[in-house]
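Quick notes on the structure that follows.
Just so you know, residue 1 is the first one in the sequence shown, and it goes up from there.
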Amino acid sequence: MLRQDFDFAELTTGAFVATMCLIGNDALPWLFAQARDMVQCGIAFECFGTLVLGLFADHAMLREQRTRRIVWLAVGVALAFICGVLLAIMLLAPGLILGGVWLLKGRLQCPAKLVLYSPEHCYVIRCVALAAWLFLLLALALLIFLTSVAGTKAPGESAAWVYAITWGGFYLTLAIALPVVRRRATQSPRLE
C-alpha cells in the first residue's frame with residue numbers, strides 16, 4: 001500500500017537535492033554537481049518535453065488502432081526527447097540526456113491494471129506528463145517568489161534554502177502527486 005502512495009525514486013531524489021542544496025558546493029562538490037544535474041535534467045526534460053508528450057498522448061488516446069496509438073506516442077516521445085536534448089545542449093550539459101531518458105521512461109509507466117498502449121494507458125500518460133509539467137511551472141514560480149523575498153548574494157545566486165525548498169519541494173510533490181494522478185486517471189469515469 002505504501003508503495004502505491006509514494007514514488008520512491010522521486011522522493012529520494014528530492015531528499016538528495018534538498019540536502020545537497022543545504023550542504024553546498026564547498027563540502028561535497030561531486031555530490032553537489034550530481035544534485036545540480038538532476039535539477040537541470042528535470043528542467044530540461046519537463047519544461048517542454050512533458051508538455052509535448054502529454055499533447056501527443058492525448059491524440060494517441062483518441063485513435064482506434066493500437067498501431068496508430070503507438071505511432072502517436074513514439075512521435076511524442078521523440079519530440080519530447082529532442083526538446084530535452086536541445087535544452088541540455090543549451091545548458092552546456094549533454095550529460096543530462098541519460099537522466100532525461102530515465103525521466104521520460106518514468107512518465108510512460110503503465111499501471112498494472114491497464115493494457116500497454118491502450119487508450120486508457122495513453123490517458124494515464126497524458127495526465128502524468130501534464131501534471132509533471134504543471135508542477136515544474138509551480139516550482140519555477142516558487143523559485144522566483146522566494147528569490148524576490150530572500151534577495152540574492154550575487155547576480156544569479158540565491159540563498160541555499162531557496163533552492164532546497166524549491167527543488168526539494170518539487171520532487172516531494174512529484175513523489176506524492178504522480179501516484180495519485182496515475183491512480184485517479186486509471187479510475188477515471190472518462191475511460192468507462
Looking at [atom1] of [X] and [atom2] of [Y], how far apart are the two atoms once the value is rounded to the nearest 0.5 Å?
| X | Y | atom1 | atom2 | answer |
| --- | --- | --- | --- | --- |
| Met38 | Arg36 | CE | CZ | 12.0 Å |
| Cys127 | Leu178 | SG | CG | 11.0 Å |
| Ile70 | Leu116 | CD1 | CG | 7.5 Å |

Is it possible for you to say whether [X] and [Y] belong to one hydrophobic cluster, with membership spreading through side-chain heavy-atom contacts below 4.5 Å?
| X | Y | answer |
| --- | --- | --- |
| Leu143 | Phe135 | yes |
| Leu103 | Leu134 | no |
| Leu138 | Val17 | yes |
| Leu92 | Met90 | no |
| Val162 | Met20 | yes |

How close do [X] and [Y] get, counting heavy atoms only, and between which atoms?
| X | Y | answer |
| --- | --- | --- |
| Thr50 | Leu130 | O-CD2, 4.4 Å |
| Ala60 | Trp72 | CB-CB, 3.6 Å |
| Gly49 | Cys83 | N-CB, 4.2 Å |
| Ala18 | Gly168 | CB-CA, 4.0 Å |
| Ala160 | Cys21 | CB-O, 3.2 Å |
| Val85 | Phe45 | N-CZ, 3.9 Å |

So do the side chains of [X] and [Y] get within less than 4.5 Å of each other, counting heavy atoms only?
| X | Y | value |
| --- | --- | --- |
| Phe6 | Ile176 | yes |
| Tyr171 | Leu11 | no |
| Leu146 | Trp161 | yes |
| Trp167 | Ile43 | yes |
| Phe170 | Thr166 | no |
| Ile125 | Leu53 | yes |
| Leu136 | Cys47 | yes |
| Phe81 | Ile97 | yes |

Are more than 12 heavy atoms from other residues, nucleotides or ligands located less than 6.0 Å from atom [atom1] of [X]?
| X | atom1 | value |
| --- | --- | --- |
| Phe32 | CZ | yes |
| Tyr117 | OH | no |
| Arg68 | CZ | no |
| Trp102 | CH2 | no |

Audit row: Lys113, Gln187, side-chain contact (heavy atoms from CB on, under 4.5 Å) steps and yes/no: CA-CA 10 Å; Lys113 298 177 185 177; Gln187 300 166 351; 4.3 Å; yes

Taking [Y]'s backbone N and O only, do any of them form a donor-acceptor pair with [X]'s side chain (distance below 3.5 Å, no angle check)?
| X | Y | value |
| --- | --- | --- |
| Ser148 | Phe145 | yes |
| His121 | Leu108 | yes |
| Ser118 | Val115 | yes |
| Arg63 | Arg69 | no |

Please lay out, stage by stage, how Phe56 and Leu73 fare under the test side-chain contact (heavy atoms from CB on, under 4.5 Å). CA-CA 6 Å; Phe56 274 81; Leu73 284 175; 5.8 Å; no

Between Leu142 and Ile165, does the side-chain contact (heavy atoms from CB on, under 4.5 Å) criterion hold? Intermediate values first, please. CA-CA 9 Å; Leu142 179 64; Ile165 289 174; 4.3 Å; yes

Does a salt bridge link Glu46 with Arg107, judged by any charged N lying under 4.0 Å from a carboxylate O?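 Between Arg107 and Glu46 there is a salt bridge, with a charged N closer than 4.0 Å to a carboxylate O.
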
Would Arg182 and Glu120 pass as an ion pair if we require N to O under 4.0 Å?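 Looking at Glu120 together with Arg182, the answer is no, because their closest N to O distance does not fall below 4.0 Å.
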
Linking Ile, Leu, Val, Met, Phe, Trp and Tyr by side-chain heavy atoms under 4.5 Å, what else ends up with Leu98? none

